[in-house]
Engineer: 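Got a structure for you, questions after.
Note that this is a predicted model, so its numbers are computed, not measured. Every chain is numbered from 1, with letters handed out A, B, ... down the list of sequences.
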Number of protein chains: 2
Amino acid sequence: MRKIKKFSAPEPSMRRLPAYLHVLSRIFKENQTFVSCTTISRQLRLDPTQVRKDLALTGIVGKPRVGYPVEELIGNIKAFLGWDIQRNAVLVGVGSLGTAILGYQQFRLYGLNIIAAFDRDPAQIGRNIFGVNVYPIEKLPEIAVRHQIELGIITVNADSAQEVADLMIRGFIRGIWNFAPKPLEVPNEVVVENALLSVSLGVLTSKLKQIESNRTS
Amino acid sequence: MRKIKKFSAPEPSMRRLPAYLHVLSRIFKENQTFVSCTTISRQLRLDPTQVRKDLALTGIVGKPRVGYPVEELIGNIKAFLGWDIQRNAVLVGVGSLGTAILGYQQFRLYGLNIIAAFDRDPAQIGRNIFGVNVYPIEKLPEIAVRHQIELGIITVNADSAQEVADLMIRGFIRGIWNFAPKPLEVPNEVVVENALLSVSLGVLTSKLKQIESNRTS
DNA sequence: TAGATTGTTAATCGATTAACAATC
DNA sequence: TAGATTGTTAATCGATTAACAATC
């Protein structure tokens, strides 16, 4: 039996790629056709070698002394992140965060095609939020199967998050983007990405705290 | 001259601490007084030694065979993250994401005290969103100084983000929580934490893509 | 006491950074 | 051509995991 080597990209690299994309899209708008990794690294305060390694992951080939072709590089990064194809998605919980995500048109550029929203609250059912209809939560598995939904976005509170995840699993959803502060139990084949806003706030406030304590000591 | 050793916590640890807090708060609600690191690690699918090291950062001392005192541990983590004191904050850009953050009461528990919001759009000025008044953006530096604002939250689009950051710097804000997909230029003493939602989406979609390609190969 | 769990040191693993040849 | 930049290998650094003594 041949050992199957599963390729898995380093997560730190994956997390830097979207930032490259933002820098590159501005460079593209300025009609530059080539860009060097030092140009990118300076804007993001990263090590140029690190940028080169990250870009190499996407399969891009640069020209010595010239740099990387901007348009092709943008395409490669998007393909690498899986943003080159549209994926149908549903969102559960049309509170303020859920509504914000429904309204964030940028996500379409990343292949996120939210085709339905769900909520437990009868007052929300039947609403149309930024062009997306709100259905009762019980309908999720049926609608997910019918529309071949790949992604589920959870923007309910922590207490309901697991039930919502279970409904998504019954609807054969393959990836869950979880904004609820609750670790989810899911089968192995389902991918969960937790997007805790508090993580980012914690990094900020703990750095501020460290600066304060370094100053006084 | 004595060399000043600046303590700086490993960022991966800092990013895990908020998740521990969520697990612990549920354990606390269930009236458990002690918790072992294996209990925590199982829920979050982490290595128990890693959990122990992370918790040790906060200065907690556990009892062999018993575990860590839950309530004290919660307090230590909060203190470590800088969530034990209230910090005044302002938010700029009351679009859907800005509104969602204003409405997210949880942040109060992390010491985030948003006392004013700002926007460029005259139609927004004078509104009151979840108890926070909206002022014209030009007023930011003055209001920031008057109320000793420590934190600024940027929820405007990429094109305006740098101007907003400049106004915050003029208002002597010390930390910026930036949701705009734009690397900010700030003086050394100002801390910036970028919270790109697309980073998290990219991790999810690229993992899905990897699964797909591993399956076909 | 026996044994589970902490605290800590050592070993491993992986990511970042440095060095440098290849290339246009 | 000369020299800037890529691509890649080697060295370093830091984080994770393993091992184990200390302890209640």
Side-chain angles (χ1 to χ4, degrees), chain A residues 5-17 19-20 23-24 27 32-74 76-77 80 199 202-203 206-207 210, chain B residues 5-17 19-20 23-24 27 32-74 76-77 80 199 202-203 206-207 210:
Chain A
K5 170 112 153 285
K6 283 199 195 163
F7 168 74
S8 133
E11 190 160 319
S13 300
M14 272 175 4
R15 301 187 76 90
R16 284 187 295 267
L17 287 168
Y20 299 156
V23 169
L24 289 167
I27 289 170
Q32 316 252 31
T33 47
F34 282 86
V35 65
S36 76
C37 66
T38 44
T39 307
I40 298 172
S41 69
R42 228 177 300 120
Q43 291 191 45
L44 294 168
R45 295 165 199 264
L46 297 172
D47 183 283
T49 307
Q50 184 171 66
V51 174
R52 227 176 298 144
K53 281 238 167 111
D54 289 343
L55 299 184
L57 283 173
T58 72
I60 193 75
V61 175
K63 283 200 182 80
R65 241 183 82 79
V66 178
Y68 300 91
V70 177
E71 194 168 9
E72 193 188 334
L73 183 52
I74 290 173
N76 280 29
I77 294 177
F80 185 83
V199 166
V203 173
S206 64
K207 282 182 182 169
Q210 279 172 34
Chain B
K5 169 111 152 286
K6 281 197 194 165
F7 167 73
S8 133
E11 192 161 318
S13 300
M14 272 174 6
R15 302 187 76 92
R16 283 187 295 266
L17 287 169
Y20 298 155
V23 169
L24 290 167
I27 289 170
Q32 316 251 32
T33 47
F34 282 86
V35 64
S36 76
C37 66
T38 44
T39 306
I40 299 172
S41 70
R42 228 177 301 119
Q43 290 192 45
L44 295 168
R45 293 165 200 268
L46 296 172
D47 184 282
T49 307
Q50 185 171 65
V51 174
R52 227 175 299 147
K53 280 239 168 109
D54 288 342
L55 299 184
L57 283 173
T58 71
I60 192 76
V61 175
K63 282 200 181 80
R65 242 181 81 81
V66 179
Y68 301 92
V70 176
E71 192 166 11
E72 193 188 335
L73 182 52
I74 290 174
N76 279 30
I77 294 177
F80 186 83
V199 166
V203 172
S206 64
K207 281 181 182 169
Q210 279 173 32

Engineer: What's the CD-P distance between A:Q50 and D:dA11, to the nearest Å?
Structural biologist: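 The answer, rounded to whole Å, is 20 Å.
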Engineer: What distance separates A:R16 CZ from A:I77 CD1, expressed to the nearest 0.5 Å?
Structural biologist: 12.0 Å
Engineer: Once you apply the 3.5 Å cut-off to both distances, tell me the Watson-Crick or G-U wobble partner of D:dA10, or none.
Structural biologist: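 Partner of D:dA10: C:dT17.
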Engineer: Check the distance between C:dA19's C1' and A:K53's NZ and give it to me in whole angstrom.
Structural biologist: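 Distance, rounded to whole Å: 12 Å.
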Engineer: A:L46 CG to C:dA15 C1': how many Å, rounded?
Structural biologist: 13 Å
Engineer: Nearest to the A:C37 side chain among D:dT6, D:dA4, C:dT6, which nucleotide is it?
Structural biologist: D:dT6
Engineer: Please round to the nearest 0.5 Å and tell me the distance separating atom OH of A:Y20 and atom CG of A:L73.
Structural biologist: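 Nearest 0.5 Å value for the OH-CG distance: 10.5 Å.
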Engineer: I want to verify a distance call: between C:dT5, D:dT9, D:dA18, whose nearest atom is closest to the B:D47 side chain?
Structural biologist: D:dA18
Engineer: Whole angstrom is fine here: how far is it from CG in A:L55 over to C1' in C:dT16?
Structural biologist: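 A:L55 atom CG is separated from C:dT16 atom C1' by 15 Å.
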Engineer: Quickly work out the B:F34 CZ to C:dA4 P distance and round it to whole Å.
Structural biologist: 19 Å
Engineer: Under 4.0 Å between any heavy atoms, over every strand shown, what does A:T49 touch: base, sugar-phosphate, or nothing? Just pick one.
Structural biologist: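 Base contact - A:T49 has a heavy atom under 4.0 Å of at least one base atom.
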Engineer: Would you say A:R52 places a side-chain N or O within less than 4.0 Å of OP1 or OP2 belonging to C:dC20?
Structural biologist: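 No, outside the criterion.
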Engineer: To the side chain of B:P64, which of C:dA18, C:dG7, C:dT6 is closest?
Structural biologist: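 Of all the options, the side chain of B:P64 is nearest to C:dT6.
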Engineer: Of the candidate nucleotides C:dA18, D:dG7, C:dG7, which contains the atom at the shortest distance from the side chain of A:V61?
Structural biologist: D:dG7
Engineer: Distance check needed: C:dC24 P versus A:R65 CZ, whole Å only.
Structural biologist: 13 Å
Engineer: Name the closest nucleotide to the A:P12 side chain, picking from D:dT17, C:dT6, C:dA15.
Structural biologist: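 Selected nucleotide: C:dA15.
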Engineer: Look through every strand shown and name the nucleotide pairing with C:dA22 as Watson-Crick or G-U wobble, where both distances are under 3.5 Å.
Structural biologist: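 Base-paired to D:dT5.
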Engineer: Does atom CD of A:E71 have more than 12 heavy-atom neighbours from other groups under 6.0 Å away?
Structural biologist: no
Engineer: Under a plain distance cut-off of 3.5 Å, with no hydrogens placed, do A:S36 and A:T39 share a side-chain donor-acceptor pair?
Structural biologist: yes
Engineer: How many whole angstroms separate atom OH of B:Y68 from atom C1' of D:dT23?
Structural biologist: 13 Å
Engineer: Roughly, in whole Å, what's the span from CZ in B:R15 to C1' in D:dA15?
Structural biologist: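 Rounded to whole Å, this separation is 15 Å.
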Engineer: Quick check against the 3.5 Å criterion: does B:N76 have a side-chain atom that pairs as donor or acceptor with the backbone of B:T58?
Structural biologist: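 Yes, because the side chain of B:N76 sits within donor-acceptor range (under 3.5 Å) of the backbone of B:T58.
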Engineer: Considering only side-chain heavy atoms of A:P10, which listed nucleotide, D:dT16, C:dT17, C:dA15, is closest?
Structural biologist: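 Selected nucleotide: C:dA15.
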